[in-house]
Enquirer: 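Following this message is one structure expressed as structure tokens.
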Amino acid sequence: MAFNSLTFAFFLPVVFAVYWQLQGHLRWQNAFVVLASYVFYGWWDWRFLGLIVFSSLLTWGTGLLIANALRTQNNKLAKLWFIGTITINLGILCIFKYYDFFVSSLCTLLQIDATKHLLHLVLPVGISFYTFQGISYSVDVYRRNILPTNNLLTFCAFLTFFPQLVAGPIERATNLLPQFDSPRRFHYQEAVEGLRRILWGLFKKVVIADTCATFINPVWDTYSHQPASALILAALLFSIQIYGDFSGYSDIAIGTARLFGIKLRENFRTPYFSRDVAEFWQRWHISLNTWFVDYVYIPLGGSRNGKARTISNTFVVFLLSGLWHGAEWSFVGWGLYHALLFMILLITNRTHRYRNEVATYTQIPQIVLTFILLTMGWILFRAPDIETAWEFVYSMCNSTIFSIPQGIHFTRLVCLLMCIFAMVFFEWRNRTKNEAPIPHSFIVYYVIVFAIWWFSGRASSDFIYFQF
Amino acid sequence: MRKLVTKLILFFLPLIVFAVGVEIVVENIPNSYSYKSNYMTSHAADIKTLVLGSSNAYDGICPYELPNCFNLANSGQALEDDYRLLSMYIDSMDSLKMVILPLGYHSLLSSQTMPRRLYYTVYMHLYSRWPLSQYSFEAYDMQNALRKIKEYILTGDITRCDSLGQRLYYEGTVDENGKRDMQIDFLSHHDSFEITKKRDVIDSCANYLHLIDSICQRYNVRLVIVQMPVLSQYKAQLPVEQIMIQDSLLRSFTPSAIYINASEWPLSSKDCYNATHISDATSISFTKELYEYIIRLTH
């Protein structure tokens, strides 16, 4: 069940109404959250519910066992449980997501036929997200950052909370578990803020991202027949599409959670207003990046062991981040491309230039340059393979750069550009705040609802990050 | 909470009233799908020849040249839709003798095109409206719904087919000089596929072909599978493996069905709307020749 579906439009009010009827009964509220989350997830494919239940039981159970072993000073046993749960959780992820990729890559290397060795498993929606959330819980328990919860219902609510189950933000137990452990009261203002956030998220997804897709997909399908101007337009629009799509999803997730009295972490902070790539990574998919920093980069030594080690650690993190997005060499290439950009800043000691500092008008040239660099990276992300990405980039650099792209619906494009301008305008004005940047006005709400309705039509598509 | 619910109801009420109004109006405007559905409901018993398939059948088979024929093909109609339509009407088609299933080189790749599912759901009742989705209501696509209402008010008719179901008015794409564009490169690129990458879709389409074939056998109806004529320049650009696999798959339906490969039927660009769609005028001569050929084969 996607956030931009009619089914969700019926599902959400029903769940909201029942949930607040249970106000004052914490255990029942949590049980209902788990039930609603299973319905939400099972709507895609009920067969994978078993996987989530298994993952929940495993992570919860081993969390208790780790804590128990630590309490009795049996560190070896705690380590054993810890390694066991991490191995199984990562093992499930690897089998579903990476097995075919690695086997086919190995077979290509050894020049043998891979077809009979492949499993062709369907990738369960959101597996990367809830697996990482579960792993963070286990690590935090093992590191004694948190105490494990004894309550299975609370834990299941934490791991499967439907707004963030399939595409994040990847939550930490330190933030989310205590919220499920304490009674929640309905606050009118919170709910209104949640709804405003949902509206803004839908605008970004349906009006911006999906409309961008109607221009981008035909160009990518026939890129070898397209002039350079069309390819450049498609590349630029894809940067907008992926932002609208993913940050739109996060906005809807955060807004939906607020309707239920739960505060999720921010996942985006106007990333395209970044002045260099280092700043971009502090603002884009924050929950994943901080996950990699806390659970990979810092354990590897972070920046404490000299520049060479810092660079190698950075490469490892970007490589894994690329691979996390998908089992394709193009994603690995995308990760390495960002690692290279980051490395330049690292060598020149400029990775922290813009920390906690808001962009100003005079820095727009830097913002534009960063956006262009990011757009080049997104070509790798969008391409089915590295070869296609290279051909796409190569085709962007020829004399047809000034020709007018054929087959483009110009009225629609102008409407889209106006909407993109509106999004940039509102987000720039509110770039310091973590709330929906739209004015508190019913007229604005109606305009946005009509825009969503007008653009949604039949072109609405799944969220890009569902495939990860 | 009561305050929030009240405000939400007041906010959404005008929108819901508007949506319901648009839905009622649009669903009552006659279109090709509702026309075909109504025709099948009232005339199914008289039909001796039924044409299924997608746009190349919609344009390319002239029902007036075949005995008691109705063209039930439609743009983007996938084999799954063909199968469901045949299953739905077969019991009421007492006189049915022959089902003609024209295919193009895209046909084995055509899994159901989701936007069209709306029409099969709302007007032909092939699919359930539940669970609710964007394919359950016309008003979900407000842009298109209002365009239809506007066109209906201006022209009085948005039906795109004639009385026996063949498409009217299709002109294909015209280039900037007003010349008809055959779209050879575009269509050959669009219809080409690597067999290994599309195995699942091909298998699914082949399965629907088998189901159509088995219905025809069960009801003692002759199934005629026709590989439709295309421009030779278009066919030359398709992968040889794709052509061979499609040909051998369709050949495997004989002898229970008749398979006619008319892909090399002589065509020039003036006979077509584009590389894969023959024109209204050409459809008459093609259908006439096709029928004579079927008669020769069956006698």
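Lettering of chains follows the sequences in order, A, B, ..., and the numbering in each one begins at 1. Computation of the quantities below employed the complete heavy-atom set of this structure, encompassing side-chain atoms and omitting hydrogens, waters and symmetry-equivalent molecules.
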Enquirer: Please flag which part of B:L15 lies under 4.5 Å from any non-hydrogen atom of chain A: side chain, backbone, both or neither.
Expert: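 Both the backbone and the side chain of B:L15 come within 4.5 Å of chain A.
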Enquirer: What's the spacing between A:W20 CH2 and B:M1 CE if we round to 0.5 Å?
Expert: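 If I round to the nearest 0.5 Å, the distance is 8.5 Å.
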Enquirer: Above 12 or not: heavy atoms from other molecules or residues under 6.0 Å from CD of A:Q21?
Expert: no
Enquirer: Quick one: pull up CZ in A:F455 and CG in B:D141 and give me the separation to the nearest 0.5 Å.
Expert: 12.0 Å
Enquirer: What part of B:A19 lies closer than 4.5 angstrom to a heavy atom of chain A: side chain, backbone, both or neither?
Expert: both
Enquirer: Just checking B:L154: does its CG atom have more than 12 heavy atoms from other residues, nucleotides or ligands closer to it than 6.0 angstrom?
Expert: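 Buried by this count: over 12 neighbours within 6.0 Å.
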Enquirer: Determine whether B:L4 and A:F16 satisfy the following criterion, side chain to side chain contact (heavy atoms under 4.5 Å, CB included), listing intermediate values before the conclusion.
Expert: CA-CA 12 Å; B:L4 182 78; A:F16 177 77; 3.7 Å; yes
Enquirer: Should A:R412 and B:Q143 be marked as a side chain to side chain contact (heavy atoms under 4.5 Å, CB included) after you check the CA-CA gap, both sets of side-chain angles, and the distance that decides it?
Expert: CA-CA 12 Å; A:R412 199 173 167 85; B:Q143 215 174 123; 3.4 Å; yes
Enquirer: Does a sphere of radius 6.0 Å around CZ in A:F402 hold more than 12 heavy atoms from other residues, nucleotides or ligands, not counting ones at 6.0 Å or beyond?
Expert: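 Not buried by this count: 12 neighbours or fewer within 6.0 Å.
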Enquirer: Using a cut-off of 6.0 Å, state whether more than 12 heavy atoms not belonging to A:E387 lie near its atom CD.
Expert: no
Enquirer: Sub-3.5 Å donor-acceptor pair from the side chain of A:Y446 to the main-chain atoms of B:F11, do we have one?
Expert: yes
Enquirer: State whether the number of non-hydrogen atoms from other residues, nucleotides or ligands found under 6.0 Å of A:H25 atom NE2 is greater than 12.
Expert: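 Result for NE2/A:H25: open.
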